[in-house]
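Numbers restart at 1 for each chain; the letters A, B, ... are given by sequence-line order, proteins then strands. Note that this is a predicted model, so its numbers are computed, not measured.
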Protein chains: 4
Amino acid sequence: MDKRGEGRIIPPVDRKKQVLEAATQSFSLFGYKATTMDQVAKIANVGKGTIYTFFDTKEQLFDEILLDVISEMKKIIEREVDHQKVFFDNLFRVLDSLLEFRSEHELLVKLSQEVRDFGTPQSQEAMTRVESVILNYLDKEVKHAILHQEIRECDSEIVSFLMFKMYIALTSEWNKIHEPLSKQQIQEHIRLFLEEGLAVQ
Amino acid sequence: MDKRGEGRIIPPVDRKKQVLEAATQSFSLFGYKATTMDQVAKIANVGKGTIYTFFDTKEQLFDEILLDVISEMKKIIEREVDHQKVFFDNLFRVLDSLLEFRSEHELLVKLSQEVRDFGTPQSQEAMTRVESVILNYLDKEVKHAILHQEIRECDSEIVSFLMFKMYIALTSEWNKIHEPLSKQQIQEHIRLFLEEGLAVQ
Amino acid sequence: MDKRGEGRIIPPVDRKKQVLEAATQSFSLFGYKATTMDQVAKIANVGKGTIYTFFDTKEQLFDEILLDVISEMKKIIEREVDHQKVFFDNLFRVLDSLLEFRSEHELLVKLSQEVRDFGTPQSQEAMTRVESVILNYLDKEVKHAILHQEIRECDSEIVSFLMFKMYIALTSEWNKIHEPLSKQQIQEHIRLFLEEGLAVQ
Amino acid sequence: MDKRGEGRIIPPVDRKKQVLEAATQSFSLFGYKATTMDQVAKIANVGKGTIYTFFDTKEQLFDEILLDVISEMKKIIEREVDHQKVFFDNLFRVLDSLLEFRSEHELLVKLSQEVRDFGTPQSQEAMTRVESVILNYLDKEVKHAILHQEIRECDSEIVSFLMFKMYIALTSEWNKIHEPLSKQQIQEHIRLFLEEGLAVQ
DNA sequence: CATGAATGAGGGTTCATTCAT
DNA sequence: TATGAATGAACCCTCATTCAT
């Protein structure tokens with residue numbers, strides 16, 4: 001009867017986690033607008049009001065999910081990058097690890113567009129912040145690679161942007177009309193475009 | 001009293017065009033769902049009911065805009081492609097012409113994502129049709145180029161998809177956080193990724 | 001070129017009549033609310049604005065049609081009633097003549113209910129006026145018949161009302177779920193209820 | 001604090017009942033189309049959205065009210081009819097009980113016409129169902145009475161229809177222009193028309 | 001005078017958010 | 001604290017009426 005009694009048999013349910021997971025799932029599946037708070041509550045198996053004890057608004061709920069995704073990406077990147085190694089080496093190793101979280105990244109992509117369409121300025125700003133983290137890392141790495149003459153002279157910001165978009169296209173956008181690509185296929189095509197170019201040598 | 005008389009005073013307002021332009025602008029700026037018919041009416045400077053004299057539903061209005069964009073693209077492609085010339089030649093010539101209509105293509109991109117999230121099956125089908133036109137052309141050209149050994153062996157469908165996404169990224173998505181790129185910049189980066197690759201030779 | 005010229009070949013179209021006929025048809029077929037001015041204009045083969053040169057509002061158009069119906073009824077009654085003859089004789093003769101205009105009376109019935117539901121006070125008052133004309137006549141006749149001991153003592157107003165409703169039921173309301181009754185069937189049932197009663201003698 | 005404590009202060013409001021009553025009132029007073037959900041909400045003293053927690057659409061709200069009315073009628077009929085007794089005996093006993101629910105029956109009548117004019121096919125089907133229940137009962141009874149030679153030979157379906165319409169006319173339609181009739185008056189007139197006939201014997 | 005394109009008030013419905021329990 | 005019934009602003013669409021031509 002006393003949930004806080006010693007030896008509590010039933011571990012208290014982490015309602016916030018339930019909500020976050022349900023929301024992630026629903027946003028991922030149906031998009032931002034099409035996800036109703038009722039739906040999230042039902043999936044999370046909590047009362048609708050409960051959501052509002054953790055998050056002030058639907059938008060804030062969305063933002064927190066987004067931040068989670070990006071912080072995971074950041075951790076991966078920091079773990080995998082080793083400046084002793086060459087650019088493409090790092091790139092493909094990071095890519096490899098990132099692809100483990102593909103499904104979550106899919107969400108990020110799916111929503112980034114939508115948030116721009118619907119979100120309040122706050123939300124849009126949040127989204128921009130998220131992308132910046134990734135783009136900033138890429139930019140830094142690209143600049144470093146140019147400096148060490150590992151890749152051609154180029155506008156590092158644009159190149160970073162294209163690299164990011166390419167990753168997004170292969171891991172997420174492609175799936176909307178086709179079977180998902182294998183990890184292998186994704187890596188090969190990244191290599192084809194980024195490293196070698198299409199033209200026969 | 002005679003409208004065709006010399007010095008025609010007030011040119012008659014083309015309300016349908018006004019509506020189409022207003023809708024294009026609003027869809028482009030705020031997305032599909034976030035664009036209300038009230039808003040379109042206000043921007044177009046017409047009564048809300050007026051819109052419904054030209055278009056049965058909001059969705060139909062959207063579809064018509066989309067179809068306009070795609071038919072323009074198609075015309076450009078058909079005009080510019082010349083199989084006597086080599087792949088990259090054609091590619092950059094088409095690209096060059098397409099870039100003239102950049103702002104309209106921006107709309108297309110912006111909406112493609114959203115439509116998938118929200119649209120009715122009809123709308124989604126419309127969007128898929130739009131993209132197919134482009135992707136089909138690209139696929140055909142890529143296959144042709146592989147056959148003539150102008151580009152490396154590769155999965156033409158995936159490569160086409162990436163080419164398309166790259167175009168979209170450079171002409172539209174980039175603008176959300178930066179100043180639009182110049183025609184030159186766009187072409188250079190397409191060349192960098194598609195033709196040469198990033199790696200120093 | 002001069003429509004009023006002598007020997008005008010093409011008789012000028014009576015637009016008002018066209019409108020009245022079209023409106024009668026549409027009201028009759030679809031009811032008051034479901035009849036749009038667009039529809040009336042189309043059926044009448046005139047511009048929508050033209051209707052408003054004859055009638056200030058949709059309601060006024062409806063009222064005029066109603067008045068036409070009632071004035072026809074009135075004429076019939078006045079022509080057929082002959083106080084030299086007995087009550088039931090007059091009743092069936094009037095009935096017989098009224099049934100010639102059944103289709104128009106159907107309209108009246110159909111609308112009477114609806115007008116009460118939707119109409120402005122003015123419209124409702126118009127409808128009441130229409131019914132009063134008939135009910136007043138019936139009341140007068142019933143009273144006369146009671147006085148001459150042709151029918152039983154009864155509340156003439158209620159009896160008149162029931163007679164009217166019975167006529168309406170047989171000529172109009174029945175048709176909504178069944179094949180229309182023949183003139184004969186209608187007369188027989190009026191006789192059954194009004195003259196003889198159902199009970200076996 | 002304890003709702004079940006003695007002297008329960010505020011009885012909990014049954015919002016669904018409030019809505020049903022408000023809707024019944026408004027439908028009854030203004031008809032189906034002229035009743036807006038805003039109005040129902042205002043009369044029921046609830047938010048507009050509240051209605052939609054109980055009923056999916058305006059039509060469903062209407063249907064539920066209708067079904068309630070008809071199921072009440074059915075119960076009465078089943079309770080009062082006793083085939084040991086003669087036709088007119090049963091008729092007047094059922095009538096007597098039905099008249100207790102006069103105000104609800106008024107609604108039914110008022111709407112039956114309108115629904116035919118405006119309703120969706122579903123609604124119309126609902127209305128037909130309602131009337132069928134009554135007409136079927138009447139038809140069966142009339143047939144039975146003819147067989148037992150309690151009433152004259154006649155088309156039982158038409159006679160049933162007229163009986164129904166007469167009931168409607170006396171309990172509902174009369175009230176639109178006059179003071180409601182007393183139970184007594186209604187019964188007397190039913191007897192006059194159905195049993196005895198108007199003609200002096 | 002005849003026209004029909006233009007209008008905008010008003011309708012049913014959805015859903016993020018609140019708050020009494 | 002957790003709940004979900006209640007809320008109402010905001011959406012898309014209809015149609016009687018107006019008015020420039």
Nucleotide [N], atom [atom2] - distance to [atom1] of [X] in whole Å:
X       : N      : atom1 : atom2 : answer
B/Lys42 : F/dC12 : NZ    : P     : 13 Å
D/Arg15 : E/dA20 : CZ    : C1'   : 10 Å
D/Leu61 : E/dG11 : CG    : C1'   : 15 Å
D/Lys48 : F/dA6  : NZ    : C1'   : 14 Å
D/Ile51 : E/dG11 : CD1   : C1'   : 13 Å
C/Gln39 : F/dA16 : CD    : C1'   : 14 Å
A/Tyr52 : F/dA5  : OH    : P     : 15 Å
A/Phe55 : E/dT18 : CZ    : P     : 15 Å

request  = State the pairing partner of F/dT21; accept Watson-Crick or G-U wobble contacts with both distances under 3.5 Å, and report none otherwise.
outcome  = E/dA2
query = Considering every strand shown, what is the Watson-Crick or G-U wobble mate of F/dT7 when both distances are under 3.5 Å?
reply = E/dA16
How is [X] classified with respect to the nucleic acid when contacts are heavy atoms under 4.0 Å: base, sugar-phosphate, or nothing?
X       : result
B/Phe54 : sugar-phosphate
A/Lys58 : sugar-phosphate
B/Met37 : sugar-phosphate

message = On DNA chain F, does the nearest nucleotide to C/Thr35 precede the nearest nucleotide to A/Gly49 from the 5' side, or the other way round? Give the residue.
response = A/Gly49
remark   = DNA chain F nearest-nucleotide lookup for D/Gly47 and A/Val46: closer to the 5′ end is A/Val46
request  = Using heavy atoms to find the nearest nucleotide of DNA chain E for C/Thr50 and A/Asp38 separately, return the residue whose nucleotide is more 5′.
outcome  = C/Thr50
note = Of B/Lys16 and D/Thr57, the one whose nearest nucleotide on DNA chain E sits closer to the 5' end is B/Lys16
ask   = For F/dC15, does OP1 or OP2 lie under 4.0 Å from any side-chain N or O of C/Thr36?
value = no
query = Just to confirm, is there a sub-4.0 Å distance from OP1 or OP2 of E/dA2 to any side-chain nitrogen or oxygen of C/Thr53?
reply = yes
Contact check, side chains of [X] and [Y], non-hydrogen atoms, under 4.5 Å:
X       : Y       : answer
A/Phe27 : A/Lys58 : yes
A/Tyr52 : A/Val19 : no
A/Gln60 : A/Glu64 : no
D/Val46 : D/Val40 : no

ask   = Does C/Ser71 use its side chain to pair, donor to acceptor, with the backbone of C/Asp68 at less than 3.5 Å?
value = yes
